[in-house]
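Notes for the one structure printed next.
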2 protein chains.
Amino acid sequence: MTKNTANIIYSDVTEQTSRFAKALGHPVRLAILKYLSNQSCCFTGDLVDVIPLAQSTISQHLKELKNAGLIVGEIELPKIKYCIHQENWNRAKRLFETLFNEDFSNISCC
Amino acid sequence: MTKNTANIIYSDVTEQTSRFAKALGHPVRLAILKYLSNQSCCFTGDLVDVIPLAQSTISQHLKELKNAGLIVGEIELPKIKYCIHQENWNRAKRLFETLFNEDFSNISCC
DNA sequence: TTAATAAATCGTATAATTACGATACAAAAT
DNA sequence: ATTTTGTATCGTAATTATACGATTTATTAA
């Protein structure tokens, strides 16, 4: 029953969905996105006041959201303005819609 | 600028959304859910044939999906039948709808 | 020029995740 | 009674994530 770690290839949809989901998989990052959505953009400085974590930790979470493509940082010195990445956000929205519309409600055995 | 690790309290919605997102944040788990959705329920045995990972690894992923509440395992000896947890799946669906309907498209600065 | 501010990055510690093989266990088949 | 089958769990290794304080960098304000 030995199975290789074989670099499994997933569909782009699966890859991308899981990448987004992973980025959304931490309450601090959801809080950041929520905060961003309530501002018409915001600065990381604000986040440090709002979220009781070290600045470096928040910066790290911002980086992950950036890497996942969910936010972008525009330099607007002396601050960096973080915004939702509209296009990718909409993409994520569609991907999750697709995921949840694989309607499971017709499953009979449960 | 010292911040405590202070056990931050998040809203139930944030907690629950991040928990679901985390569970969805791995391609294998998405593949499992997809496979489950295409059967009218399935057995872990099938999954081992379909996904090139060790049985123990798949079992571990099933456990995480179970812990997140996204699937349930019904004993139907000699196998265990895994199914989507309808109620929680719908809950997840609603939570992600809520998340993505915090409409960010009115943000002007990006 | 110097100090202050915003943010990133570095180094590090700890914890969680992912994967494996081996083992255990319960029920079914032989 | 023994073997087979499906599944979980254990032990372990490697990787990734989370968090911190300290440092660095760039720019603005004094």
Side-chain angles (χ1 to χ4, degrees), chain A residues 1-8 10 14-15 18-32 35-36 39 41-68 71-83, chain B residues 1-8 10 14-15 18-32 35-36 39 41-68 71-83:
Chain A
M1 207 183 270
T2 307
K3 293 276 183 174
N4 287 348
T5 312
N7 278 354
I8 307 172
Y10 302 98
T14 300
E15 273 296 350
S18 69
R19 216 187 307 275
F20 283 140
K22 194 176 182 187
L24 298 174
H26 192 290
V28 163
R29 291 195 287 270
L30 290 183
I32 289 174
Y35 192 74
L36 280 183
Q39 316 300 309
C41 282
C42 87
F43 305 121
T44 300
D46 296 333
L47 292 171
V48 176
D49 296 338
V50 167
I51 299 170
L53 289 173
Q55 180 263 325
S56 57
T57 302
I58 292 172
S59 190
Q60 221 171 254
H61 282 298
L62 286 169
K63 195 179 177 183
E64 287 201 45
L65 288 170
K66 238 189 304 176
N67 288 344
I71 64 173
V72 278
E74 287 179 45
I75 293 169
E76 198 168 86
L77 294 163
K79 302 185 178 183
I80 293 191
K81 190 166 62 180
Y82 279 108
C83 309
Chain B
M1 207 183 270
T2 308
K3 293 276 180 172
N4 286 350
T5 311
N7 278 355
I8 308 171
Y10 303 99
T14 299
E15 274 296 350
S18 69
R19 216 187 306 276
F20 282 140
K22 195 176 183 186
L24 297 174
H26 193 290
V28 163
R29 291 195 287 272
L30 290 183
I32 289 173
Y35 192 74
L36 281 183
Q39 316 301 306
C41 282
C42 89
F43 306 120
T44 300
D46 296 333
L47 292 171
V48 175
D49 296 338
V50 168
I51 298 169
L53 289 173
Q55 179 264 325
S56 57
T57 304
I58 293 172
S59 189
Q60 220 172 255
H61 282 298
L62 286 169
K63 194 178 176 183
E64 287 201 44
L65 288 170
K66 238 188 304 175
N67 288 343
I71 64 173
V72 278
E74 289 178 44
I75 293 170
E76 197 168 89
L77 293 164
K79 301 185 177 182
I80 293 190
K81 190 167 62 179
Y82 279 108
C83 308

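Predicted model, so just to flag it, every value in this text is computed and none were measured. Quick note on labels: first sequence line is chain A, next is B, and so on, each numbered from 1.
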Please tell me if Tyr82(B) has a side-chain N or O lying less than 4.0 Å from either OP1 or OP2 of dA8(D).
yes

Could you give the distance from [atom1] ([X]) to [atom2] ([Y]), rounded to the nearest 0.5 Å?
X: Ile8(A); Y: Leu53(B); atom1: CD1; atom2: CG; value: 4.0 Å
X: Leu62(B); Y: Tyr82(B); atom1: CG; atom2: OH; value: 5.0 Å
X: Arg29(B); Y: Ile32(B); atom1: CZ; atom2: CD1; value: 8.0 Å
X: Ser56(A); Y: Lys63(A); atom1: OG; atom2: NZ; value: 11.5 Å

Collect all protein-nucleotide pairs involving nucleotides 10-17 of chain D in which both atoms are nitrogen or oxygen and the distance is under 3.5 Å.
| unit_1 | atom_1 | unit_2 | atom_2 | d |
| --- | --- | --- | --- | --- |
| dA17(D) | OP1 | Lys22(A) | NZ | 2.6 |

Output the rounded distance in Å from [atom1] ([X]) to [atom2] ([N]).
X: His61(B); N: dA8(D); atom1: NE2; atom2: C1'; value: 15 Å
X: Leu30(B); N: dT18(C); atom1: CG; atom2: P; value: 12 Å
X: Leu53(B); N: dG21(C); atom1: CG; atom2: C1'; value: 14 Å
X: Leu47(A); N: dA7(C); atom1: CG; atom2: P; value: 8 Å
X: Asp49(B); N: dT7(D); atom1: CG; atom2: P; value: 10 Å
X: Leu65(A); N: dA7(C); atom1: CG; atom2: C1'; value: 16 Å

Specify the angle, to 10°, made by the local axes at the two ends of the helix from dT1(C)-dA30(D) to dT30(C)-dA1(D) when five pairs are taken at each end.
0°

Which heavy atom of Phe20(A) sits nearest a heavy atom of Ala68(A), and at what distance?
CE2-O, 3.2 Å

Go through the steps to decide whether His61(B) and Leu65(B) satisfy the test side-chain contact (heavy atoms from CB on, under 4.5 Å), and finish with yes or no.
CA-CA 6 Å; His61(B) 282 298; Leu65(B) 288 170; 5.6 Å; no

Sub-3.5 Å donor-acceptor pair from the side chain of Ser18(A) to the main-chain atoms of Thr14(A), do we have one?
yes

